[in-house]
Amino acid sequence: MPITVDIDVMLARRKMSVGELADRVGITPANLAVLKNGRAKAVRFATLAALCEVLECQPGDLLRWEVEEVEEVEEVAGG
C-alpha cells in the first residue's frame, strides 16, 4: 500500500508505549496495532485528530504517501 503509517516513529520520539497511547486516545490497543502496522483500511478523522493531539504532531507526521513499486515479471520462452 502506498500509504505508510509512522506511529512508531512518533511513539519513540515521545517515549510513549502503545498501551498508553491507546488509553489516552480512547481506542483499544488491538485497533491501534491494526493502524500502526498498516493493516487498517480507513481511519476516522476524529481518531487521527486525537492521535495528533496526544502525540503533539501533525497528520503528516503519522501518515505519508510513497510511490508504489510495481514488480516487472519477465516471461522466459522455453524451447
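Between the side chain of Arg64 and the main chain of Thr4, no donor-acceptor pair closer than 3.5 Å is present. Although no hydrogens or angles enter the test, the distance criterion places a donor-acceptor pair under 3.5 Å between the side chain of Asn37 and the main chain of Ala33. Between the side chain of Asp61 and the backbone N or O of Gln58, at least one donor-acceptor pair lies under 3.5 Å. A donor-acceptor contact shorter than 3.5 Å is absent between the side chain of Arg13 and the backbone of Leu55.
Side chains of Leu63 and Val5 form a contact here, defined as non-hydrogen atoms less than 4.5 Å apart. Residues Cys57 and Leu62 have side chains in contact (heavy-atom distance under 4.5 Å, counting atoms from C-beta outward).
When the side chains of ILVMFWY residues are joined at heavy-atom separations under 4.5 Å, either directly or via intervening members, Trp65 and Val9 end up in two distinct hydrophobic clusters. Neither Val34 nor Val43 shares a network with the other; the hydrophobic side chains, linked directly or stepwise wherever heavy atoms of I, L, V, M, F, W or Y lie under 4.5 Å apart, form separate groups for each. Both Met10 and Leu32 are members of a single hydrophobic cluster when ILVMFWY side chains are connected at heavy-atom separations under 4.5 Å. One hydrophobic cluster, built from ILVMFWY side chains closer than 4.5 Å, holds both Leu51 and Val18.
Residue-environment remark: CD (Glu20) exceeds the threshold of 12 foreign heavy atoms within 6.0 Å. The 12-atom threshold is not exceeded at CZ of Arg44, counting heavy atoms of other residues, nucleotides or ligands nearer than 6.0 Å.
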Yes or no on side chain to side chain contact (heavy atoms under 4.5 Å, CB included) for Leu11 and Ser17, after CA distance, side-chain angles and deciding distance? CA-CA 7 Å; Leu11 282 171; Ser17 70; over 6 Å; no

Do Leu21 and Arg14 pass the side chain to side chain contact (heavy atoms under 4.5 Å, CB included) test, and can you show the C-alpha distance, the side-chain angles, and the key distance before you say yes or no? CA-CA 10 Å; Leu21 179 61; Arg14 302 297 184 250; over 6 Å; no

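Here the closest non-hydrogen pair linking Pro59 and Cys52 is N-SG, 3.4 Å.
Taken to the nearest 0.5 Å, the CG atom of Asp23 stands 11.5 Å off from the OG1 atom of Thr28.
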